[in-house]
Protein chains: 2
Amino acid sequence: MNVRSSAKKSLGRASLPPSLRAEGNRRRILEAALRLFAAQGFHGSSMRELAAVAELQPSALYVHFPSKEQLLAELVRAGHEAHHDALRTALLEAGSDPAAQLTALVRVHVRMHASYPELAIVVNSEMAALSEELAAPGMALRRQAAALLRDVVDRGTAMGKFFPPDAYAAAAAIAAMGLRVPYWYSAETGMSIERLAEVHVELALRMLGAVRA
Amino acid sequence: MNVRSSAKKSLGRASLPPSLRAEGNRRRILEAALRLFAAQGFHGSSMRELAAVAELQPSALYVHFPSKEQLLAELVRAGHEAHHDALRTALLEAGSDPAAQLTALVRVHVRMHASYPELAIVVNSEMAALSEELAAPGMALRRQAAALLRDVVDRGTAMGKFFPPDAYAAAAAIAAMGLRVPYWYSAETGMSIERLAEVHVELALRMLGAVRA
DNA sequence: GTCTATACTATGATAGAC
DNA sequence: GTCTATCATAGTATAGAC
């Protein structure tokens, strides 16, 4: 038997996005779930552990969420919505220049992943634990977010401003850089989130052969 | 309750690296575990499911592996070793030019992740399920692999051949591109693995401001 | 080395008092 | 809305026959 309980990871803080309105114990439960799911995975975390972290009895969880899966679904939904809203807003404010649009998308993409690392990890790693029905809204937002980036890359390429070796792969690679940020970046390295975002913007523009707007 | 059994994912093939010597039912079990762990995660897959996929009774699994965790550890070990060996060999054959070294590393990094996507997913996503002792060898190889890349980037930068906005972040971003490949790339898109690797080489060289060797 | 059968524990979720 | 107590099931792993 695995004696995971004796090798408990330090869980640290875990912050929910501002868009997620939740108070009192409902919020405590969501934060506890975020910490646990990010550190141990959905299937690797039990409702008993969750209750312990939230300082409640297991049965009290079910007053706020009908099931463990619905709890995960709420986190995943909030994460996808916060991410997609941030991307869409950034793009709207970026004007019509492809390089400015790409800059805006990469900046906010990286910023979100560095600011809410646990949420990003849960959203990206634990979606397979959701039923198709519960995963569908998140999957849709994910496809839309990917399309936002691909459209910017495609448009810039068509306009003769970007020169990617392959537009699809380049878009995937740009997204990938940001997606991995929560797994390695720590503010304690001395690099600020804003600087991290600017570095990624520069890398992305270089990948596309663009010049800074 | 989740009715996952009624929404079973199609699991597809799952190939072990050539370096992993295993035959007969031991191999079948490893392949079944690779498929299941990649699709549902370690904690999301039961020994009963595993036995069913391997077409054995659950008790037969324990003749070949002492525990579920040891089974995962074997996959994770094989994956890390294959990856690290490939990187090291590629670097040895690349000569002394930083751009050539980077090209070799990125090429093999991407090739491995595209050729063994399930293994890459398990290695990257399920290591938290291992005890510290069982995870340690893999973590060590991972650190060494990251150091190989960072050293090439640092040396090329010191030699005035690379011009990254930030060497550490650039190395992390280059690694990240490859790590995400298993999650989006499919040979059915029409792009070959070799072409995918070359595209990533080009992207990485651009990120560093280098010229092709 | 594989099978049938089963032990023991952990898990998600519920009942009912307060 | 939280608690104590508990149910029903699924989980890892083992025993013993062949």
Side-chain angles (χ1 to χ4, degrees), chain A residues 1-9 21-34 36-37 39-76 122 126 128-131 133-134, chain B residues 1-9 21-33 36-37 39-76 126 128-131 133-134:
Chain A
M1 263 292 291
N2 190 347
V3 282
R4 175 155 37 82
S5 48
S6 70
K8 221 157 233 162
K9 290 101 182 168
R21 302 312 257 185
E23 289 163 10
N25 279 345
R26 183 181 164 89
R27 183 175 197 90
R28 289 175 64 82
I29 293 167
L30 284 167
E31 286 174 344
L34 184 53
L36 277 173
F37 294 170
Q40 310 180 345
F42 174 76
H43 291 300
S45 310
S46 73
M47 291 299 262
R48 285 165 168 56
E49 280 181 290
L50 209 96
V53 172
E55 295 175 286
L56 290 168
Q57 292 305 311
S59 58
L61 304 176
Y62 292 89
V63 174
H64 302 280
F65 300 93
S67 71
K68 186 188 174 191
E69 193 189 4
Q70 288 280 354
L71 218 180
L72 172 62
E74 177 71 7
L75 290 173
V76 166
V122 169
E126 302 303 327
L130 291 177
S131 69
E133 297 75 35
L134 285 174
Chain B
M1 265 290 290
N2 189 347
V3 282
R4 176 155 35 82
S5 48
S6 69
K8 220 159 236 161
K9 290 100 182 169
R21 301 312 255 186
E23 288 163 11
N25 279 345
R26 183 181 164 89
R27 183 175 197 89
R28 290 174 63 82
I29 294 167
L30 284 166
E31 286 174 344
L36 278 173
F37 294 170
Q40 310 180 345
F42 175 76
H43 291 300
S45 310
S46 74
M47 291 298 262
R48 293 184 212 277
E49 280 180 291
L50 210 99
V53 172
E55 294 174 287
L56 289 168
Q57 292 304 310
S59 58
L61 304 176
Y62 292 88
V63 173
H64 302 279
F65 300 93
S67 72
K68 186 187 173 190
E69 194 189 4
Q70 288 280 354
L71 219 179
L72 172 62
E74 177 70 8
L75 289 173
V76 166
E126 303 302 328
L130 291 177
S131 69
E133 297 75 36
L134 285 175

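Proteins come first, then strands; the chains are lettered A, B, ... in the order of their sequence lines, and each starts at number 1.
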Review point. Roughly, in whole Å, what's the span from NZ in A/Lys68 to P in C/dG12?
Key: 4 Å

Practice item. Rounded off to whole Å, could you give me the CZ-to-C1' distance for the B/Arg28 and C/dG1 pair? Key: 14 Å

Practice item. Send over the distance from B/Leu71 CG to D/dG11 C1', rounded to a whole Å. Key: 16 Å

Check your understanding: Which comes earlier along DNA chain C counting from the 5' end, the contact point of B/Ile29 or that of B/Arg48, where each point is its nearest nucleotide?
Key -> B/Ile29

Check your understanding: Rounded to the Å, how far apart are B/Glu49 CD and D/dG11 C1'?
Key -> 11 Å

Check your understanding: In whole Å, what is the span from the CG atom of B/Leu50 to the P atom of D/dA13?
Key -> 12 Å

Review point. Do the side-chain N and O atoms of A/Glu133 and A/Ser131 include a donor-acceptor pair separated by under 3.5 angstrom?
Key: yes

Exercise for review: Just jot down the side-chain contact (heavy atoms from CB on, under 4.5 Å) partners of B/Pro58, sequence neighbours excluded, or say none.
Suggested key: B/Arg48, B/Ala51

Study note, to complete from the structure: In whole angstroms, the gap separating P of C/dG12 from CZ of A/Phe65 amounts to 15 Å

Review point. Quick one: does A/Leu50's side chain get under 4.5 Å of A/Phe37's, heavy atoms only?
Key: yes

Exercise for review: Would you please name every residue forming a side-chain contact (heavy atoms from CB on, under 4.5 Å) with B/Glu74, sequence neighbours left out?
Suggested key: B/Leu20, B/Arg26, B/Leu30, B/Phe65, B/Arg77

Check your understanding: Rounded to the nearest 0.5 Å, how far apart are CZ of B/Phe42 and NE2 of A/His43?
Key -> 12.5 Å

**Study point:** Heavy-atom closest contact (A/Gln70 atom, A/Leu134 atom, distance)
**Key:** NE2-CD2, 4.0 Å

Review point. What are the residues of residues 55-64 of chain A, sorted by number, that bring a heavy atom to within less than 4.0 Å of DNA chain D?
Key: A/Leu56, A/Gln57, A/Ser59, A/Ala60, A/Val63, A/His64

